[in-house]
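Following: one structure in structure tokens, then a few remarks.
Indexing begins at 1, ligand by ligand and atom by atom, following the structure's order. Bear in mind the structure is a predicted one, so any value in this text is a computation, not a measurement.
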Amino acid sequence: AKTMVVKIGSSTVTEPGTGVNRSFIARLAHEAVELRSLGWNLVVVSSGAIACGAPVLGFSTRPADMPSLQACASVGQCVLSAAYDEEFRACGLATSLVLLTRHDTARRQSYLHARDALTRLVELGVVPVVNENDTVSVDEIRFGDNDTLAALVACLVSADLCVTLSDIEGLYTANPSIDPNARFVPRVEKIDAAIIASAGDSSSSVGTGGMITKIRSSRILMTAGIPSVICSGADEGALARLARGEQVGTLFV
Ligand code: ADP
């Protein structure tokens, strides 16, 4: 079987103010079943813990101080994991929770432990849901963004494809929310200065990376020989179409 790592951005998995986007997770669970029938296993890298926890703790906007963010991450991770587990279980699939810090991939011994655990989970038919351990990850031990984390997870499990589900259908020649002349880029074979210059920050309130962290993670994956795709989380059936080898979003090879 092949393995697909799917990174899900905060703006896809959460709804402003209310927390977790159940209908998205339910749809993903159905896609996971379809992927399995096509011979693909799924590993999810999901953001959204802080955005899920904030409303539970009565914060109407993302708090500014680190301990409050850590508290939101801790509460929100439970809400988020429960939503994944319930929706996937309803489709007959078990999920698991894997929280990583940069230490876990920086030291060889812990890298190997993380690799063995993830590999075994996938073998057992589980859909691991991976996130950065934001409750204990302060700046110096952070991956910083889940685009980078997804690339490392794809390397850990020797993925055949890494897909980033974003709030945009792929890479443009400039940020289309600012530049009306931005053109869609369906395929990237070399990450040069022009591509890096085209990638701006996130324009959403909950996104953390923007396009630049996605480009950097695609570059890591190109070096590792793992193809990656950026496409829209709103594009229903995109993962199954990718599994069938169809063109969706921007492909980095
Ligand atoms: P997510 O949290 O869903 O991963 P982000 O907000 O972090 O999403 O990143 C996607 C956003 O990056 C887009 O919605 C867009 O506003 C911005 N962006 C900046 N430069 C580009 C570009 N060249 N092509 C596409 N999107 C870009």
Would you be so kind as to tabulate the donor-acceptor pairs closer than 3.5 Å made by side chains of residues 228-239, with sequence neighbours excluded?
{"unit_1": "S228", "atom_1": "OG", "unit_2": "S218", "atom_2": "OG", "d": "3.4"}
{"unit_1": "S232", "atom_1": "OG", "unit_2": "A234", "atom_2": "N", "d": "3.0"}
{"unit_1": "D235", "atom_1": "OD1", "unit_2": "R241", "atom_2": "NH2", "d": "2.6"}

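- Within ligand 1, counting atoms from 1 as listed, the ones closer than 4.0 Å to a heavy atom of S11 are 1 (P), 2 (O), 3 (O).
- In terms of N/O distances under 3.5 Å, ligand 1 is approached by D167.
- The part of K7 lying near ligand 1 is the side chain, judged by heavy-atom distances below 4.0 Å.
- Within the listing of ligand 1, atoms 1 (P), 4 (O), 5 (P), 7 (O), 8 (O), 9 (O) sit less than 4.0 angstrom from a heavy atom of K214.
- Counting heavy atoms under 4.0 Å from ligand 1, residue A182 does not touch it at all.
- Close approach of ligand 1 to S198 is summarised as follows: ligand atoms under 4.0 Å from at least one heavy atom of the residue are 20 (N), 22 (C), 23 (N).
- Using a 4.5 Å heavy-atom threshold, the side chains of N41 and R36 count as touching.
- Rounding to the nearest 0.5 Å gives a distance of 13.0 Å between NE2 of H30 and CG of L35.
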Under 3.5 Å donor-acceptor pairs involving side-chain atoms of residues 112-125, not counting sequence neighbours:
{"unit_1": "T119", "atom_1": "OG1", "unit_2": "R115", "atom_2": "O", "d": "2.6"}
{"unit_1": "R120", "atom_1": "NH1", "unit_2": "E123", "atom_2": "OE1", "d": "2.6"}

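- The backbone N or O of T3 lies less than 3.5 Å from a partner atom in the side chain of D160, making a donor-acceptor pair.
- Every atom of ligand 1 with a heavy atom of G170 under 4.0 Å away is listed here by number and element: 25 (C).
- Linking Ile, Leu, Val, Met, Phe, Trp and Tyr residues whenever their side-chain heavy atoms come within less than 4.5 Å places Y84 and M4 in a single cluster.
- Here the CZ-OG1 distance, from R187 to T250, works out to 11.5 Å after rounding to the nearest 0.5 Å.
- An N or O contact shorter than 3.5 Å is missing between T12 and ligand 1 by distance.
- Using a 4.0 Å cut-off between heavy atoms, S177 contacts ligand 1 through its side chain alone, with no backbone atom that close.
- Residue contacts with ligand 1, taken as heavy atom pairs separated by less than 4.0 Å, involve N175 via backbone and side-chain atoms alike.
- Test V43, T164, L42 against V6 for side chain to side chain contact (heavy atoms under 4.5 Å, CB included) and you get one pass: L42.
- An N or O contact shorter than 3.5 Å is missing between T173 and ligand 1 by distance.
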